[in-house]
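Before any comments, here is the structure.
Worth knowing before you read on, the calculation uses all heavy atoms, side chains too, and leaves out hydrogens, waters and symmetry mates.
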Amino acid sequence: IIRKNDVFKNLHREQRCFIVGTGKSVNDVDIRLLRNEKKIFLNQFYLHTGFNQLNPEYYVFNAFGGNECHKNEHGGLTSKVYHGLDGGIPANTNLFLRYDQDYKYVTTNKLFVNKKVHFIDFQSSMHYMIKDGIDATKYFYQTNGSVKFAIQLALYMGFSKIYLVG
């Protein structure tokens, strides 16, 4: 599953991208201006007005709470967010999830069945990243934040300019 991510290696070499988060400051930006740009959306951005008009090509979801995130999965907040995300993103969007946190939950609950889902594994030691570089066919550096997840993905994809919005 992880090895399939090799198709994204340097796919956007020397291009720019915008990582679009859900911070309050995103409301101060006319995000329609990003319509024809390469974008990586984060977490619950699918709830933002006009999201589907932005041609969302990439999406990162990093479940809150680390490895504890699915303990209250039945009827809990995590379940609602995943089902909302499943219905909120278009089928042609590339969704990136954490293998360690999400794979079992997603497959067991039959989520994102008709979606382009990709899993990234994580290692807690910086040693691996220094030795191998950022490699989505192996692992990213451990992070509990979706922004850091998306930055590593953008670098792996070859983007040379990365802008953070929201």
Would R98 count as a cation-pi partner of F122, with NZ or CZ less than 6.0 Å from the six-membered ring centre and within 45° of the ring normal?
yes
Does the ring centre of H48 sit less than 6.0 Å away from the ring centre of F45?
yes
Compare every heavy atom of A136 with every heavy atom of I120, then report the nearest pair and how far apart it is.
CD1-CB, 3.7 Å
So does K104 get a backbone contact from the side chain of T107, meaning a donor-acceptor N/O pair under 3.5 Å?
yes
Pairing residues for R35 by the side-chain hydrogen bond (donor to acceptor under 3.5 Å, both in side chains) criterion, not counting sequence neighbours
none
Scan for salt bridge (Lys or Arg N to Asp or Glu O under 4.0 Å) pairs involving residues 36-48, sequence neighbours excluded, and state none if there are none.
R16-E37, K38-E57
Could you check whether any side-chain N or O of N10 sits under 3.5 Å from a backbone N or O of M157, counting only pairs where one atom can act as donor and the other as acceptor?
no
Show your working on side-chain contact (heavy atoms from CB on, under 4.5 Å) between L111 and H83 and close with a plain yes or no.
CA-CA 7 Å; L111 293 168; H83 286 278; 3.4 Å; yes
With D135, which residues qualify under side-chain hydrogen bond (donor to acceptor under 3.5 Å, both in side chains), at least two apart?
T137
For F8 and H118, I'd like to know if the aromatic rings sit close, meaning centre-to-centre distance below 6.0 Å.
yes
Closest heavy-atom pair, A91 versus N114, reported as atoms and distance to 0.1 Å, is CB-O, 3.5 Å
Quick one: does N43's side chain have a donor or acceptor within less than 3.5 Å of a partner on N62's backbone?
yes
Do I134 and V7 belong to the same hydrophobic cluster, where Ile, Leu, Val, Met, Phe, Trp and Tyr are linked whenever their side-chain heavy atoms lie under 4.5 Å apart, directly or via other members?
yes
Are D121 and K138 within salt-bridge range, i.e. N to O under 4.0 Å?
no
Heavy-atom closest pair, residues S25 and G166
OG-CA, 3.4 Å
Suppose we screen for ring pair (Phe, Tyr, Trp, His ring centres under 6.0 Å). Which residues come up paired with F18, at least two apart in sequence or across chains?
Y163
Using the test side-chain hydrogen bond (donor to acceptor under 3.5 Å, both in side chains), find all partners of Y58 that sit at least two apart in sequence or belong to another chain.
H12
Can you give me the closest heavy-atom contact between Q44 and Y59, atom names plus distance?
C-OH, 3.6 Å
Y82 and F61 aromatic centres sub-6.0 Å
yes
May I ask you to decide if I2's main-chain N or O and N5's side chain share a donor-acceptor pair within less than 3.5 Å?
yes
Kindly say whether Y141 contributes a backbone atom to a donor-acceptor pair with the side chain of Q152 at under 3.5 angstrom?
yes
Return the set of residues passing ring pair (Phe, Tyr, Trp, His ring centres under 6.0 Å) with Y46 (not counting sequence neighbours), or none when no residue passes.
none
Looking only at atom types and distance, does a side-chain atom of T93 sit under 3.5 Å from a main-chain N or O of I89, one as donor and one as acceptor?
no
